[in-house]
Amino acid sequence: MVVNTSDKPKVKTKAKARYLKAKKERRKVRKTTGITGTSRDADENEEGGQTNVRPGEEDYVMSPEEVEENGVAGEEGLGEEQDGAMIIKPNGGDDDVPEAGERKKKQKRRKDRAAEGEGEGRASLEAHEKDAVRKPKKEKKLAPPEDEVHEDSEEEVLEPPDEDDAQLSPSGSEADAADAVEHDGPTDHAEAPMRSPTPPYLPSFPLPLAPPAPSAAELSRQGLDRALLQAELVSASLTLPLADPGVDLGIGERTLHRLDALGVQTLFAVQAALWPWLLSGPEARRGLYEPRYPPRDACVSAPTGSGKTLAYAVPIVEILSTRVVTRLRALVVLPTRDLVQQVRETMESLCKGTGLRVGSATGAQSWAKEQRQLVEDLETKLQGGSSKVDILVCTPGRLMDHLNGTPNFSLQHLRFLVIDEADRLLTQSFQSFLPQVLAAITPPIPRLPLQAVKDSHGLPVPDALAPAWMDVPRTWGEPEDQPSCQKLLFSATMTRDPGILKALGLRNPKYFMVTGAKEGEQEEAIVREEFAVPETLAEHLLVVPTDLKPLYLFHLLHTHPITNALIFTKSAESTTRLLRLLEFFESSWAAEEAGREAVIARAYSSELPKGERRAILDQFKNGHIGILVASDLIARGIDIPSVAHVVNYDAPLDMRKYVHRAGRTARAGREGDVWSLVEEQEARWVREMLKAAGHWKRVKRLRMEENVLDPLRGHYVKALDKLREVYSKDNKEA
Ligand SMILES: Nc1ncnc2c1ncn2[C@@H]1O[C@H](COP(=O)(O)OP(=O)(O)OP(=O)(O)O)[C@@H](O)[C@H]1O
């Protein structure tokens with residue numbers, strides 16, 4: 001960082017005179033030797049991968065006044081001099097030099113002088129200097145803390161494979177090219193010297209840490225602590241045989257057969273806790289309408305892949321299977337179309353033989369068609385609505401469309417409202433759906449009078465108001481009927497934020513938490529929002545230089561080898577770019593020797609049309625595609641049992657994202673690995689994030705020497721060239 005010194009008052013001292021003389025001498029030397037040392041040079045070097053200055057460690061140039069106060073480089077050993085100014089390396093601060101104590105004393109003396117009132121100008125100069133001296137310290141914090149990442153780790157050093165013999169040394173242009181690919185797309189290297197002195201990486205700032213979890217007292221003030229702190233804690237390792245004669249699950253023969261057909265022999269922890277509570281326990285309500293004794297709501301937090309879908313789907317189907325007429329009685333809301341499709345399939349397979357009808361609303365079909373599929377009578381005005389489906393699985397946007405625009409689409413008969421991936425659906429981006437849904441399940445005031453309804457030909461039409469909606473005579477003091485809708489919230493990262501949960505208007509909620517936390521640490525884990533991950537998940541973290549990240553990825557894919565893998569990037573665009581680079585790399589690698597087979601990879605993001613996305617997902621599920629490079633569109637909920645590895649190519653932005661991405665593998669008790677490639681400048685906050693979530697100890701930190709990449713560098717360079725070519729062609733055509 002260059003500090004502008006022009007507005008500083010001039011202070012002439014002997015030290016300064018000495019300094020200026022020395023400066024003249026140095027200029028002379030430079031003129032004769034041709035060595036320059038401006039910060040611009042440093043930037044250009046950095047861009048070319050030649051400098052020792054790491055991203056985020058910008059140089060600080062000292063003013064003559066500061067030199068005077070701090071002494072010259074030769075005296076203090078703080079840094080090197082550049083064009084008449086001193087450059088302090090950020091990691092050459094106070095802590096690193098023996099003379100630091102002396103300098104501190106001087107700074108203190110300066111402070112004291114300023115405090116004694118040596119004039120305003122001098123005081124502001126002091127402040128400026130103080131800032132300037134501090135800044136490098138701040139920058140130091142941003143420096144890639146590779147050492148720190150390794151400090152308390154059991155590192156696994158990955159040895160270079162020796163079967164390949166391609167030897168290419170790292171070069172500046174290669175680093176440039178990788179940088180271009182990762183940051184700006186391909187660039188013309190001939191232009192490199194013309195670049196501005198801006199460092200090649202955007203300055204990095206640590207992400208703000210999550211605010212501390214609300215205290216028990218805070219929760220208490222919000223009126224939610226009792227329920228939350230009295231959560232039913234369920235051990236993640238709990239299982240229950242489905243055929244256990246000693247346990248009354250409240251499940252009928254038909255459902256037991258369906259579960260058997262689905263391969264369910266043993267209940268997972270979340271199911272073992274929830275099914276009896278909903279179906280056979282003292283608090284269970286099996287009626288379709290429970291206006292006098294409405295059921296309690298439930299919030300369920302359980303790790304990814306732990307069977308939350310069946311945990312709610314089975315009780316819903318079991319209870320609704322007694323219904324006689326079709327009404328919309330269960331609504332399941334999910335954040336994406338793919339998840340809607342997945343849950344609909346599960347519901348349909350459970351409903352076989354019950355006569356229950358399952359529908360979905362995502363906007364995948366035309367509006368009119370979807371309306372006709374959901375509502376029986378779109379013409380007559382019916383107070384009780386007219387539904388063609390018993391269970392509707394939908395996205396929030398399409399649900400709002402139907403609430404506002406589909407005649408006779410009513411939620412008054414709802415017995416279950418399931419909000420799956422609840423923490424996601426309660427975030428701001430989805431916030432408007434919740435008030436509308438809550439209004440639609442709340443009876444009107446005053447209640448509606450019963451009236452005979454006739455169709456356009458004057459013939460009577462059956463209409464049915466839900467009990468809580470009806471205006472019926474009641475004796476004095478008798479309470480009005482309550483809506484029978486039971487809200488069930490599910491997530492692997494369920495929010496404990498009382499403010500957010502309050503917005504749901506939960507009725508005497510019961511919390512279930514499936515946790516791996518040890519006894520005695522569970523309460524803290526709840527309050528601190530620590531999320532459990534599957535026990536069978538192995539977690540690895542590798543700190544890599546930004547410019548070589550793709551190459552490290554390719555190395556991982558080849559050496560481990562990693563297949564049946566989901567690779568997550570930060571955006572749809574990055575997904576496409578990384579896939580192209582991977583394809584070019586693979587074709588170059590496979591072409592080198594007969595018999596080598598390139599890995600088959602595809603991209604998956606919102607950039608693809610819906611139909612294509614579906615086809616790609618199917619191919620990935622049945623193993624025709626080995627690697628799916630994906631955006632966060634499928635980071636949540638998607639269940640693909642064959643996924644053996646997840647790679648965080650771009651670091652997840654928060655712990656929730658980390659948990660959900662990682663949770664695409666190690667599902668239903670299977671083994672799985674997550675690999676996080678963390679850029680040097682991100683390492684600190686990734687570590688902080690994992691630590692704050694009580695997760696750091698689980699993560700195995702890897703160290704990989706750069707020479708392991710050598711056998712693949714040649715193919716990588718070719719791939720980069722090809723990518724640059726394609727992008728410049730694309731740009732010309734655009
Ligand atoms: N009791 C069981 N026995 C065997 N397999 C089960 C059982 N329960 C669920 N599964 C299977 O486990 C897998 C994961 O279940 P599910 O998708 O419901 O997980 P989830 O907890 O909702 O995960 P996420 O939080 O990622 O959405 C599914 O393939 C499901 O069929």
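As the structure lists them, so they are numbered: ligands from 1, and atoms in each ligand from 1.
- Here the options are R664, R667, R670, the test is salt bridge (charged side-chain N to carboxylate O under 4.0 Å, His left out), and the partner is D639; only R667 passes.
- Ligand 1 lies out of reach of G669, whose nearest heavy atom is not under 4.0 Å from it.
- Proximity of atom 19 (O) of ligand 1 to the protein is indicated by at least one non-hydrogen atom lying closer than 4.0 angstrom.
- Protein heavy atom at the shortest distance from atom 4 (C) of ligand 1 is F268 CZ, 3.6 Å.
- Annotation for ligand 1: atoms under 4.0 Å from non-hydrogen atoms of R667 are 14 (C), 16 (P), 17 (O), 19 (O), 20 (P), 23 (O), 24 (P), 26 (O).
- Judged by the 6.0 Å and 45° rule, K308 forms no cation-pi pair with Y312.
- Ligand 1 lies less than 4.0 angstrom from a heavy atom belonging to R664.
- What sits closest to atom 8 (N) of ligand 1 on the protein, heavy atoms only, is Q271 NE2, 2.9 Å.
- Remark: ligand 1 atoms within the under-4.0 Å shell around heavy atoms of T309 are 16 (P), 17 (O), 18 (O), 22 (O).
- The distance from atom CD of E318 to atom CG of L279, rounded to the nearest 0.5 Å, is 6.0 Å.
- For atom 21 (O) of ligand 1, the nearest non-hydrogen atom of the protein is K308 NZ, 2.8 Å.
- Judged purely by distance below 3.5 Å, without hydrogens or angles, the side chains of S235 and S237 pair a donor atom with an acceptor atom.
- Of all protein heavy atoms, the one closest to atom 23 (O) of ligand 1 is G305 N, 2.8 Å.
- Annotation for ligand 1: atoms under 4.0 Å from non-hydrogen atoms of P303 are 21 (O).
- Residues T575 and T569 bring a donor and an acceptor atom of their side chains to less than 3.5 Å of each other.
- Between the side chains of S642 and N564, not a single donor N or O lies within less than 3.5 Å of an accepting N or O.
- S280 and D248 share no donor-acceptor pair across their side chains, judged by distance under 3.5 Å alone.
- Comparing A668, S301, P534 against atom 11 (C) of ligand 1, the shortest heavy-atom distance belongs to A668.
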Verdict with reasoning, Q486 to E290, per side-chain hydrogen bond (donor to acceptor under 3.5 Å, both in side chains): CA-CA 10 Å; Q486 182 168 34; E290 297 280 356; over 6 Å; no

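- The residues K657 and D650 are annotated as not salt-bridged, no charged nitrogen and carboxylate oxygen being separated by less than 4.0 angstrom.
- Using cut-offs of 30° and 60° on the angle between ring planes, the pair W675 and H540 is parallel.
- For ligand 1, the atoms sitting less than 4.0 Å from at least one non-hydrogen atom of L310 are 8 (N), 9 (C), numbered in the order shown with element in parentheses.
- Taking a cut-off of under 4.0 Å to the non-hydrogen atoms of T266, the atoms of ligand 1 that pass are 1 (N), 2 (C), 3 (N).
- Within ligand 1, the atoms closer than 4.0 Å to a non-hydrogen atom of E421 are 27 (O), numbered from 1 in the order shown.
- The single protein non-hydrogen atom nearest to atom 13 (C) of ligand 1 is D639 OD1, 3.5 Å, given as residue, atom name and distance.
- The N/O atoms of S306, backbone and side chain alike, include one that comes under 3.5 Å of an N/O atom in ligand 1.
- Note that CD1 of I391 is 4.0 Å distant from SG of C351, once rounded to the nearest 0.5 Å.
- Considering backbone and side-chain N/O atoms, A302 never comes within less than 3.5 Å of an N/O atom of ligand 1.
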